[in-house]
Amino acid sequence: ADKASSTGGFQIKSEDGNFEAKIGGRIHFDANYYTDEDDINVGTQNSGNDFFFRRARLTLEGRAYDFKYKFENDFASSGAGVSNNNEGLREMWIGREVLGGANLRLGQAKPYRGMEELTSSNELTFMERPFATATGIYGEQFVLGAFLDGHGEGYGWGVSAYSPRSASDANKGGNGANARGFIVPIRSNGNLVHIGLSASIDKYGIGNEKNPNVRVVGRENGLKSGNLLAAKYDEQTTIAAELAARFGAMTLQGEYAMAAFKDTITAVPNPDQDVNTYYVQASYMLTDHVKPYDFKKGVFKSPKVDGEEGALELKARFDTIENKDISGNEASYYTVGLNYYATPNTRFMLEYVDGETEVGTDKSASAVTARAQFNF
Amino acid sequence: ADKASSTGGFQIKSEDGNFEAKIGGRIHFDANYYTDEDDINVGTQNSGNDFFFRRARLTLEGRAYDFKYKFENDFASSGAGVSNNNEGLREMWIGREVLGGANLRLGQAKPYRGMEELTSSNELTFMERPFATATGIYGEQFVLGAFLDGHGEGYGWGVSAYSPRSASDANKGGNGANARGFIVPIRSNGNLVHIGLSASIDKYGIGNEKNPNVRVVGRENGLKSGNLLAAKYDEQTTIAAELAARFGAMTLQGEYAMAAFKDTITAVPNPDQDVNTYYVQASYMLTDHVKPYDFKKGVFKSPKVDGEEGALELKARFDTIENKDISGNEASYYTVGLNYYATPNTRFMLEYVDGETEVGTDKSASAVTARAQFNF
Amino acid sequence: ADKASSTGGFQIKSEDGNFEAKIGGRIHFDANYYTDEDDINVGTQNSGNDFFFRRARLTLEGRAYDFKYKFENDFASSGAGVSNNNEGLREMWIGREVLGGANLRLGQAKPYRGMEELTSSNELTFMERPFATATGIYGEQFVLGAFLDGHGEGYGWGVSAYSPRSASDANKGGNGANARGFIVPIRSNGNLVHIGLSASIDKYGIGNEKNPNVRVVGRENGLKSGNLLAAKYDEQTTIAAELAARFGAMTLQGEYAMAAFKDTITAVPNPDQDVNTYYVQASYMLTDHVKPYDFKKGVFKSPKVDGEEGALELKARFDTIENKDISGNEASYYTVGLNYYATPNTRFMLEYVDGETEVGTDKSASAVTARAQFNF
């Protein structure tokens, strides 16, 4: 008989092995408490403090013979304002193995833009991704196109070709291409070194041009950088480097990304502008656990706990982004915090974030942020 | 092996007892036929008569070790107009047992505001809730925060602290707190008496102030009361009392709620206003069934049927709401009707509603309303 | 014990036979590449070429004792612009067998308007439906009401009464009625002849009047006909005929529909206008497969493949629509293409479409379109 099982959601596998399916989801419930919000939330008598759902996703995955699918919707997408009905689509694709081991997907997915970008939001060490991801320097996290990746002993790669918009963005054309490779030269005795490199070219359709305005402190009603570019640009060439290491309980990780923005539309084009960003982060497991490394994706994962004893993790990050062509168009923050992994499905996160932006008027803010997370 | 089962949806329990999950849902399909609509739907040649989905919810629930979750979305929320993408979120929380038997939940849920408010929409005796709930006097049905409840032999309690907005409302800050207690002094020989009391303080963020305008007859294109207050108010203190009893086939229930609205924002504040509301309702089972009482939640439930023989219920309600400080700002209706419980999953409801409002111009309307309901 | 199984999604049946449930879905991921778009997408520097999700549906179905339900939502509905929160509802109903064999459903479903209209989007021979469906001449594909159908040896019928709007349209009243019958006079030796007839009367509520503007080439940013009528009309009477046949590997199908539009609202009514449409299409299975016929619904289905060997199908269609009362208000296209059924769950479609419209300025366009489809 077909075999059904549960690890919080539903799983099934047919007796003949031809079919598999899985229903899961994730709830990320956040609180933001601003310890310094003088420069933001001014002109109103409201404070920016609040509870909100950062993510509420339902995820179906399955396989029928050689083909796989993933069907994922976020019911808590885009907290406010008018939105498109398919705003919630996240990974949504049809895939299969090709070329003797490579993994091909058609639909909506993430381009291979770096370590933190490719880390699942369930497994991120910090509550928010750094600027060297679609949270900062890249235009879109999920795009529509074709995605191909593979891996071998101590290395992996991915290439993608796409329309640089998500399903919820208006169809304005445009196109993009991206590639990433990583190697794991040291991988013995619990120690591990990861080196990665990625490059992306994004040509946005007219009407979908970009001008990054990144979140620096807090998610809702928080401190944003202000527009880092002088205008909206339609072409972005980005290269990024990754360096990470694990020495027992200690994990270190950093990424550096440089984006060159070009205006190819305006009659008298806006001058080219370069935006650079980097972050460094460290984590230390206070309990007897280790952060596993995913050799297929080239990213770190959450420590494995058994449902009996939880894991405790100390963490710190510094993150900064800067327009190299306009003096003062820069923003940065640092975070320190603690993660508690209560069970394989449940995690609690606590962070203190302090950041500033120099775009236009100088502004700074700080906040204590917390998350309760259940993934099933 | 893990054990999968169905009672219309899906359920699974892992062999080791560590994991459980359940997928269910509800479809409530309504028809409204106005027998008197002269005072509404005027100025158009359309009648307000129509079919519509009152609810179309998908609900996932589960447990992994000591933690539980509920993930619920209503796909038929807010019939018309521009809406937020997470408009559909209903109960969405992460919870666990604390303090040796109490139930803690973090996320979106209902504050403990009264008997009918806490009754599941699948189990309500009438198609719509009375004014002594978020349908009338309270601002929001589902809010974001922390919810704690417990119960013992013949009593129960709940307390909540929250941001008084649902996930789909703009984040404007604000905060709220609420508590409820109930006792069941008589609970023998099928007879039962329930006494309850609740209190809530809601401080709405600027931009989320309230001025109740309640539905009196019909759901879509029906008779609404008009704004019961002179302006929008940002602070609401509400106390409410519950009295209910079951004598065999007969169930009686009433609630009384008083809300004091305060304006703490305007330079020259609007004067305080009080709004009172109460309803009384009775139900009589024509077949040999009884309405069970949920000792955990302190509410009545639908009669249990076995799939072979259905249950038939006669019902009547009177409901009224009134601004004590502005003469004429009041509305009321009465309803009589019939419920047919065909199977444990299927119910049909039929009601005649006749109501009036005196806010501004006097208006009255009446309607025959019906519902087909499937919950799985 | 209850029996769970998978054919890509989830299915369960209770041991006592009282309960059944099924979770499935479909992903249709499309690419449109315009080989001639001079008359469209002008005045922008963007091309209309793009990837997009044509459908991303989750479908729950089940039975509890004698009652059935279907709960279906399309997460990729309406690609752009402001939309209603219940935009995604597709089939959503409560049903049961009545009158000894007939099938009654209450909720949202398709009226019985013709062969291609009633064919599941998973089983359509072409990527888009012809004009003799809600894609063209009919106002709404899914409407709210009551649906009754039955079938016998070599015949079938359906009748519906409804509000001519979907759950996401504003409630403006109106009403509609529809009936269809079909016979299968030849059904032997793999050969089959189908003859069908349907009629519909749709009276749209004020504010929901219709003026068809149909897609001729491509889905997003493609060629549309322009409004086929001189104004919006509130009353539509449509009759349609179906003729189809299967001779071994060859399937032929055509439908003819005539709609009479009446204006019953305007003080000086717009003159009556008639719109006619027909299509003819043919398909030939290149592999040793045959297109099954569904004797309950009176439609053709996709060939059955076994997961080992795929099926290949050649296809062609001509489709045209014309306002008989305004010279030049007409549009038409032809399509040729290929379908590859890789597994029971996976299909790939490729089409070349060339079309023109004469409404206002003459315009023509052509495109290569492709789809990857996974249904589970």
Side-chain angles (χ1 to χ4, degrees), chain A residues 1-12 23-29 31-32 41 44-53 56-58 73-88 168 219-221 305-308 342-346 348 372-376, chain B residues 1-4 10-16 18-23 58 60 62-73 82-89 92-96 106-108 143-146 162-163 165 167-175 205-208 234 264-265:
Chain A
D2 294 0
K3 189 174 179 323
S5 60
S6 176
T7 55
F10 287 81
Q11 283 159 290
I12 195 162
I23 298 177
R26 69 189 68 174
I27 300 174
H28 293 182
F29 184 60
N32 281 183
N41 306 317
T44 80
Q45 290 162 273
N46 286 321
S47 160
N49 304 336
D50 216 342
F51 299 112
F52 57 94
F53 288 106
R57 291 193 194 167
L58 191 61
N73 195 71
D74 196 333
F75 291 84
S77 59
S78 96
V82 173
S83 65
N84 194 304
N85 200 56
N86 46 27
E87 186 76 39
S168 67
R219 177 80 190 173
E220 304 218 341
N221 295 354
V305 292
D306 61 7
E308 302 299 315
T343 76
N345 304 71
T346 327
F348 298 91
Q373 168 184 331
F374 196 108
N375 43 289
F376 55 96
Chain B
D2 294 1
K3 190 175 177 321
F10 287 81
Q11 284 158 289
I12 195 162
K13 188 163 187 173
S14 71
E15 198 172 11
D16 59 13
N18 287 334
F19 300 102
E20 271 180 276
K22 182 178 185 309
I23 298 177
L58 191 60
L60 284 84
R63 186 178 56 77
Y65 300 97
D66 292 336
F67 289 90
K68 295 178 300 178
Y69 68 90
K70 187 162 181 176
F71 188 117
E72 185 171 52
N73 194 71
V82 172
S83 64
N84 194 304
N85 201 55
N86 46 25
E87 186 76 40
L89 298 190
M92 175 80 70
W93 45 256
I94 301 171
R96 67 163 294 164
L106 302 176
Q108 179 162 296
V143 298
L144 299 164
Y162 49 84
S163 176
R165 63 171 192 113
S168 66
D169 295 320
N171 173 355
K172 299 289 186 185
N175 49 68
I206 298 172
N208 279 344
D234 68 306
T264 74
I265 302 171

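Every chain is numbered from 1 and lettered A, B, ... according to where its sequence line falls, protein lines coming before strand lines.
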## Note on the structure
Highest number of heavy-atom pairs under 4.5 Å with chain A among B/S163, B/G174, B/S14, B/G207 belongs to B/S163

### Message
Determine whether a donor-acceptor pair (N or O, by modelled atom type, separation under 3.5 Å) exists between the side chain of B/Y65 and the backbone of A/P344.
### Response
no

### Message
Using modelled atom types and a 3.5 Å cut-off, is there a donor and acceptor pairing between side-chain atoms of A/N221 and backbone atoms of B/N171?
### Response
yes

### Summary
Separation between CD1 (B/I94) and OG1 (A/T346), nearest 0.5 Å, reads 7.5 Å

#### Entry: Minimum heavy-atom distance between B/L89 and A/A76, given as atom pair plus value
CD1-CB, 4.3 Å

### NZ-CZ distance between B/K70 and A/F374, expressed to the nearest 0.5 angstrom
14.5 Å

### Task
Assess whether side-chain contact (heavy atoms from CB on, under 4.5 Å) is satisfied between A/I23 and B/L60, documenting all intermediate values.
CA-CA 10 Å; A/I23 298 177; B/L60 284 84; 4.1 Å; yes

### Task
State, with a plain yes or no, whether a side-chain heavy atom of A/L58 is found less than 4.5 Å away from one of B/L58.
yes

### Query
Where does B/A4 contact chain A at under 4.5 Å (heavy atoms): side chain, backbone, both or neither?
side chain

### Summary
Contacts of B/K22 meeting salt bridge (charged side-chain N to carboxylate O under 4.0 Å, His left out) (sequence neighbours excluded), chain-then-number -> none

### Message
I'd like to know if the side chain of A/N46 and the backbone of B/K172 have a donor-acceptor N/O pair within less than 3.5 Å.
### Response
yes

### Query
For B/L144 and A/F29, what are the C-alpha separation, side-chain angles and deciding distance, and is it a side-chain contact (heavy atoms from CB on, under 4.5 Å)?
CA-CA 9 Å; B/L144 299 164; A/F29 184 60; 3.9 Å; yes

### Closest non-hydrogen atom pair, A/S6 against B/I12
CB-CG2, 3.4 Å

#### Entry: Approximate separation, where rounding is to 0.5 Å, of B/N175 CG and A/D50 CG
9.5 Å

### Query
Side chain, backbone, both or neither: which part of B/K3 has an atom under 4.5 Å from a heavy atom of chain A?
neither

### Message
Let me confirm one number: the CZ-CZ distance from B/F71 to A/R26, rounded to the nearest 0.5 Å.
### Response
10.5 Å

### Query
Side chain, backbone, both or neither: which part of B/E15 has a non-hydrogen atom closer than 4.5 Å to chain A?
neither

### Task
Report the relative orientation of the aromatic rings in B/F67 and A/F348; use parallel for angles under 30°, tilted for 30 to 60°, perpendicular for over 60°.
tilted

### Query
Step by step, would you call A/F51 with B/R165 a side-chain contact (heavy atoms from CB on, under 4.5 Å)?
CA-CA 10 Å; A/F51 299 112; B/R165 63 171 192 113; 5.8 Å; no

### Query
Side chain, backbone, both or neither: which part of B/L106 has a non-hydrogen atom closer than 4.5 Å to chain A?
both

### B/F19 vs A/N345, side-chain contact (heavy atoms from CB on, under 4.5 Å): CA-CA, chis, key distance, verdict
CA-CA 10 Å; B/F19 300 102; A/N345 304 71; 3.6 Å; yes

#### Entry: Interface residue of largest heavy-atom contact number with chain A, from B/K13, B/K68, B/R63, B/R96, under 4.5 Å
B/K68

### Message
For A/D306, which atoms come within 4.5 Å of any heavy atom of chain B: side chain, backbone, both, or neither?
### Response
backbone

## Note on the structure
Those residues at least two apart in sequence (or on a different chain) that pass salt bridge (charged side-chain N to carboxylate O under 4.0 Å, His left out) with A/R57 are A/E72, A/D74

### Message
Restricting to non-hydrogen atoms, name the atom on A/F53 and the atom on B/A167 that form the minimum distance, rounded to 0.1 Å.
### Response
CD1-CB, 4.0 Å

